[in-house]
Enquirer: 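Below are the structure tokens for one structure; questions will follow.
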Amino acid sequence: MLLKDKTVLITGASSGIGKSTAELFSKNGANLILTGRRKERLEELKQKLSSEYSVSILSLVFDIRNYDEVKKNISSLNSVWKNIDILINNAGMGRGLDKFQDGNVENWEEMIDTNLKGLLYITKEILPVMVERKSGHIINIGSTAGHDVYPAGNIYCATKFAVNAISQSLRIDLLDKRIKVSSVDPGMVETEFSNVRFFGDTERAKSVYKGLTPLTPEDVAEAILFCATRPYHVNINEIILTPIAQAQSNFIIRENQ
Ligand code: NDP
Ligand code: 8X3
């Protein structure tokens, strides 16, 4: 029970990495606030985890791109739930994979509003209580795309480079508040990510992982748990994890290569 009595808020808990993290954290005794837009999925996960483990779970349904909704939902937390020990900024997405010159401004805005502005909004609303308590841990889910750009990755990579910069800045700004900041930056993970990126084209989404064994969302959840369970004096600044078939964003080896 590594996380017994801890309160953890996970954004984007309705699928992929966020969902696996919710499963692993509740197994380790954490009380969870699960967020996302798909209410039924969050409710289903809440029922499952609260029946399997002896933890409390709250779900909040809102669009992270909307600052008013973020403020309303976070300010609705009662005095018990608002003392969040760990914030996992996971909600994010890619839209399209087009060269810059062929890019679509709506797709760009959706990625920037979700991956960057959404992360800023929720962090801004949760930080004051952490600052007041001089205690807390922010774990941002970045990406290898925040370290090396790849062809047609342009705006998605820009959002993840920005997340990398925000993690580093927060770590400096919060140093005297004893608030930890970690970044967990995976390479290829098979989740709904590519389905969303390719607008539901499942064949194209599957082809991304063809000829290699991608990371699973559970692999990433393990890395997040590691960050969250170090002794008080240890902060993990950054973990970059990739499948064995991937060296960084641009170097990938597939079967028969
Ligand atoms: P999924 O598509 O499986 O999950 C994305 C999650 O983000 C969902 O729960 C979704 O919930 C939530 N989300 C998306 N948009 C919004 C929004 N506007 N408001 C609230 N919640 C939102 O993808 P992953 O699990 O792969 O992605 C999780 C994170 O990991 C992302 O930040 C992604 O960039 C990052 N990442 C992914 C990699 C991969 O290869 N899969 C590699 C490196 C990093 P809902 O739709 O219900 O709102
Ligand atoms: C998301 C995965 O493959 O686009 O960060 O870098 S990838």
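In listed order, ligands and their atoms are each counted from 1. Because the structure is predicted, anything quoted here is derived from the model rather than measured.
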Enquirer: For ligand 1, which atoms sit closer than 4.0 Å to a heavy atom of D63?
Expert: 17 (C), 18 (N), 19 (N)
Enquirer: Which ligand 1 atoms, with their elements, are less than 4.0 angstrom from a heavy-atom of F62?
Expert: 19 (N), 20 (C)
Enquirer: Is there a donor-acceptor pair closer than 3.5 Å between any side-chain N or O of D113 and the backbone N or O of R65?
Expert: no
Enquirer: Have N83 and D85 got a donor and an acceptor in their side chains that come within less than 3.5 Å?
Expert: no
Enquirer: Tell me, with the steps shown, if L87 and N140 meet side-chain contact (heavy atoms from CB on, under 4.5 Å).
Expert: CA-CA 8 Å; L87 164 63; N140 290 332; 6.0 Å; no
Enquirer: Report the part of R37 (side chain from C-beta onward, or backbone N, CA, C, O) that has a heavy atom under 4.0 Å from ligand 1; answer both or neither where that applies.
Expert: both
Enquirer: Does any N or O of ligand 1 fall below 3.5 Å from an N or O anywhere on Y156, backbone included?
Expert: yes
Enquirer: Looking at R95 and E110, is any side-chain nitrogen of the basic one under 4.0 Å from a carboxylate oxygen of the acidic one?
Expert: yes
Enquirer: Determine, step by step, whether E43 and S59 satisfy the side chain to side chain donor-acceptor pair (under 3.5 Å) criterion, reporting the C-alpha distance in whole Å, the side-chain angles of both residues, the deciding distance to 0.1 Å, and the verdict.
Expert: CA-CA 7 Å; E43 276 307 309; S59 68; 2.9 Å; yes
Enquirer: What's the shortest distance from atom 28 (C) of ligand 1 to any protein heavy atom, and which residue and atom give it?
Expert: N90 OD1, 3.1 Å
Enquirer: Around atom CZ of F199, are there more than 12 heavy atoms of other residues, nucleotides or ligands at under 6.0 Å?
Expert: yes
Enquirer: Does any N or O of ligand 1 fall below 3.5 Å from an N or O anywhere on I64, backbone included?
Expert: yes
Enquirer: In terms of side-chain heavy atoms, does Y150 have a donor or acceptor partner in T144 at a distance below 3.5 Å?
Expert: no
Enquirer: Report, in ascending order of atom number, the atoms of ligand 1 lying under 4.0 Å from any heavy atom of G16.
Expert: 3 (O), 25 (O)
Enquirer: Can you find an N or O of S15 that's nearer than 3.5 Å to an N or O of ligand 1?
Expert: yes
Enquirer: Could you list, one pair per line, each nitrogen or oxygen of ligand 2 together with any protein nitrogen or oxygen closer than 3.5 Å, giving atom names and the distance rounded to 0.1 Å?
Expert:
from, atom 1, to, atom 2, distance (Å)
ligand 2, 4 (O), Y150, OH, 2.5
ligand 2, 4 (O), R197, NH1, 3.3
ligand 2, 5 (O), S143, OG, 2.6
ligand 2, 5 (O), Y156, OH, 2.6

Enquirer: Quick one: does G94 get within less than 4.0 Å of ligand 1, heavy atoms only?
Expert: no
Enquirer: Please determine which of I74, I86, L58, N89 meets the side chain to side chain contact (heavy atoms under 4.5 Å, CB included) test together with L9.
Expert: I74
Enquirer: What do you reckon, does V196 have a nitrogen or oxygen under 3.5 Å from a nitrogen or oxygen of ligand 1?
Expert: no
Enquirer: Under 4.0 Å from a heavy atom of M188: give me the atoms of ligand 1 that qualify, with their elements.
Expert: 40 (O)
Enquirer: For a ring pair (Phe, Tyr, Trp, His ring centres under 6.0 Å) check, start with the C-alpha distance between Y156 and W108, then their side-chain angles and the critical distance, and finish with the verdict.
Expert: CA-CA 8 Å; Y156 177 74; W108 294 357; over 10 Å; no
Enquirer: Between ligand 1 and K160, is the shortest N or O to N or O distance under 3.5 Å?
Expert: yes
Enquirer: Test your reading of the model: is there a side-chain donor-acceptor pair from N115 to the backbone of M93, 3.5 Å cut-off?
Expert: yes
Enquirer: Considering only the protein, which heavy-atom contact is closest to atom 26 (O) of ligand 1, and what is its distance?
Expert: T191 OG1, 2.6 Å
Enquirer: Counting only heavy atoms, which portion of A13 has something under 4.0 Å from ligand 1: side chain, backbone, both, or neither?
Expert: backbone
Enquirer: What protein heavy atom is closest to atom 43 (C) of ligand 1, reported as residue, atom name and distance in Å?
Expert: P186 O, 3.2 Å
Enquirer: Considering the heavy atoms of V189, write down every atom of ligand 1 situated less than 4.0 Å from one of them.
Expert: 38 (C), 39 (C), 40 (O), 41 (N), 42 (C)
Enquirer: Specify the protein heavy atom at minimum distance from atom 9 (O) of ligand 1: its residue, its atom name, and the distance to 0.1 Å.
Expert: S14 OG, 2.8 Å
Enquirer: G142: heavy atom below 4.0 Å from ligand 1, yes or no?
Expert: yes
Enquirer: Taking atom types as modelled and ignoring hydrogens, do the side chains of D185 and S143 form a donor-acceptor contact shorter than 3.5 angstrom?
Expert: no
Enquirer: May I ask you to decide whether K48 forms a salt bridge with E52, counting only side-chain N to carboxylate O separations under 4.0 Å?
Expert: yes
Enquirer: Is it the case that ligand 1 has an N or O less than 3.5 angstrom from some N or O of I17?
Expert: yes
Enquirer: Determine, for E192 against R41, whether the closest basic-nitrogen to carboxylate-oxygen distance falls under 4.0 angstrom.
Expert: yes
Enquirer: Can a donor-acceptor pair be found between the side chains of S249 and H147 at a distance below 3.5 Å?
Expert: no
Enquirer: Among protein heavy atoms, which lies nearest atom 12 (C) of ligand 1, and at what distance?
Expert: G12 CA, 3.6 Å
Enquirer: Do S167 and N164 have side-chain atoms, one donor and one acceptor, less than 3.5 Å apart?
Expert: no
Enquirer: Please determine if R230 forms a cation-pi arrangement with F226, meaning its NZ or CZ atom is less than 6.0 Å from the six-membered ring centre and no more than 45° off the ring axis.
Expert: yes
Enquirer: Between E69 and Y121, does any side-chain donor sit less than 3.5 Å from a side-chain acceptor?
Expert: no
Enquirer: Can you list the atoms of ligand 1 that are under 4.0 Å from a heavy atom of T114?
Expert: 15 (N), 16 (C)
Enquirer: I'd like to check whether G18 has a polar contact with ligand 1, where a contact means an N/O of the residue lying under 3.5 Å from an N/O of the ligand.
Expert: no
Enquirer: Identify the protein heavy atom lying closest to atom 5 (C) of ligand 1, giving its residue, its atom name and the separation to 0.1 Å.
Expert: G92 O, 3.6 Å
